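Since the structure comes first, as structure tokens, the remarks are kept for the end.
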Amino acid sequence: DPRLQAHQLLLQERPAPATTSLAEPAADAPDSRSIAEQTLRVVTDPLPAAPEVHLLSNGRYHVLVTAAGSGGARWNGLAVTRWREDPTTDAWGPCLWLRDLDDGRVWSATHYPSQARAESYEAVFTQAKAEYRRVDRGILAHTEVAVSPEDDVELRRLTLTNRGDEERRIELTTYAEPILAPAAADLAHPAFSNLFVETEALPEAEAILA
């Protein structure tokens, strides 16, 4: 009888100890600081020989980003934004374009998608978020990417700091390719997948629905 066998197995299990040990931790046991250091990664090369990727997730909404700033999001098995795993190029995912209104120069908040080398660049990956810092002609662009632990929401914040003496006027443009379909279906027929995405602008909310 399977129930009798299961009952016999339960009887053979040893009870858990009633007391817990308060012995001092071993000298080589990692403390909280060393664990935090292990979860912190700083990448200064946006295109390393071995790809550096980071995953942010609350268990339902997942965001993958790379050291260059590319990446994509998935929710409940659906691709939210278009991304391709391509070892030859890092050129997919949402991005932020910056344009100097005085001289017309254009660059991006991260290495992707402009691919232009910055004066200084670093990507910082932690359990809570991904951060990117780049400096171009006295303008520091600090981008933060995080996923809410409670709601299925991806948050991106860009902070610009003018390190120069002159006033600068910078225009921002956000770009993304919404998919809202299984990634495999979009990979097989990307043009066909685009036909089923409808967008609507909500000026009063300063938002776009897809």
Side-chain angles (χ1 to χ4, degrees), residues 43 46-48 51-101 104-118 121 123-125 129-134 136 141-148 151-160 170-210:
V43 184
L47 296 175
E52 290 281 353
V53 299
H54 190 56
L55 180 64
L56 300 167
S57 174
N58 61 10
R60 301 173 304 275
Y61 192 95
H62 317 282
V63 174
L64 182 142
V65 292
T66 69
S70 70
R74 294 192 181 186
W75 176 77
N76 284 347
L78 300 179
V80 179
T81 54
R82 179 167 287 143
W83 182 75
R84 297 287 186 266
E85 184 180 0
D86 189 343
T88 63
T89 181
D90 200 350
W92 298 92
C95 64
L96 262 170
W97 285 99
L98 290 79
R99 184 168 73 95
D100 192 315
L101 294 179
R105 186 175 183 270
V106 176
W107 70 102
S108 51
T110 59
H111 183 74
Y112 159 79
S114 67
Q115 309 292 338
R117 288 284 178 177
Y121 185 90
V124 181
F125 298 145
K129 59 184 176 180
E131 297 183 70
Y132 301 88
R133 295 182 179 90
R134 67 174 293 160
D136 298 83
H142 178 204
T143 305
E144 300 170 272
V145 183
V147 172
S148 170
D151 303 312
D152 298 344
V153 178
E154 174 184 350
L155 305 173
R156 290 178 178 252
R157 177 169 62 184
L158 173 65
T159 304
L160 298 180
I170 307 299
E171 178 186 72
L172 305 179
T173 302
T174 304
Y175 172 83
E177 293 183 78
I179 301 304
L180 311 180
D186 179 65
L187 182 62
H189 302 286
F192 185 71
S193 180
N194 290 343
L195 298 176
F196 298 95
V197 178
E198 298 182 2
T199 58
E200 177 185 358
L202 299 179
E204 66 280 3
E206 298 183 353
I208 297 177
L209 297 181

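For the numbers below, each heavy atom of this structure counts, side chains included, while hydrogens, waters and symmetry mates do not. All values derive from a computational prediction rather than experimental measurement. Residue numbers start at 1 and run along the sequence shown.
When side chains are defined from C-beta on, Thr110 does not count as touching Cys95, because their heavy atoms never get closer than 4.5 Å. Here the side chains of Arg82 and Trp92 are in contact, with some heavy-atom distance below 4.5 Å. Put simply, the side chain of Arg105 does not reach to within 4.5 Å of the side chain of Arg99, judged on heavy atoms. Between Val145 and Glu154 the shortest side-chain heavy-atom distance falls below 4.5 Å. In this structure, the side chains of Pro46 and Glu52 stay at 4.5 Å or more apart for every pair of heavy atoms.
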Candidate pair Glu171 and Asp100, rule side chain to side chain contact (heavy atoms under 4.5 Å, CB included), full reasoning:
CA-CA 6 Å; Glu171 178 186 72; Asp100 192 315; over 6 Å; no

Step-by-step side chain to side chain contact (heavy atoms under 4.5 Å, CB included) determination, Val65 to Leu55
CA-CA 7 Å; Val65 292; Leu55 180 64; over 6 Å; no

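Heavy atoms only, all atoms of each residue included: Ser193 and Ile179 are closest at OG-CG2, 4.0 Å. Between Val43 and Ala67, the closest heavy-atom pair is CG1-CB, 3.8 Å. Nearest heavy atom pair, residue Val63 against residue Ala73, reads CG2-CB, 4.0 Å. For the residue pair Leu47 and Ala68, the shortest heavy atom distance occurs at CD2-CB, 4.2 Å. Closest non-hydrogen pair, Pro113 versus Ser108, comes out as CD-CB, 3.4 Å. Closest approach of Arg84 to Pro190, counting heavy atoms only: NH2-CB, 4.0 Å.
For Ile208, the CD1 atom sits in a loose shell: 12 or fewer heavy atoms of surrounding residues, nucleotides or ligands are nearer than 6.0 Å.
Here the straight-line distance linking atom CG of Leu64 with atom CZ of Arg74 works out to 9.0 Å at 0.5 Å rounding. Rounding to the nearest 0.5 Å gives a distance of 11.5 Å between CH2 of Trp97 and CH2 of Trp107. Rounded to the nearest 0.5 angstrom, Trp83 CH2 and Leu187 CG are separated by 11.5 Å. Within the model, atoms CZ of Arg134 and OG of Ser114 stand 5.0 Å from one another, a figure rounded to the nearest 0.5 Å. Here the NE2 atom belonging to His111 is positioned 9.5 Å from the OG1 atom belonging to Thr66, to the nearest 0.5 angstrom. Note that the CG atom of Leu98 and the CG atom of Asp136 stand 8.5 Å from one another [nearest 0.5 Å].
Relative ring orientation between His54 and Phe125 is described as parallel, the plane-to-plane angle staying below 30° on a 0-90° scale split at 30° and 60°.
A search for ring pair (Phe, Tyr, Trp, His ring centres under 6.0 Å) contacts involving His62 returns nothing, not counting sequence neighbours.
The main-chain N or O of Gly93 is never found under 3.5 Å from a side-chain atom of Tyr175 such that the two would form a donor-acceptor pair. Although no hydrogens or angles enter the test, the distance criterion places a donor-acceptor pair under 3.5 Å between the side chain of Asn58 and the main chain of Arg60.
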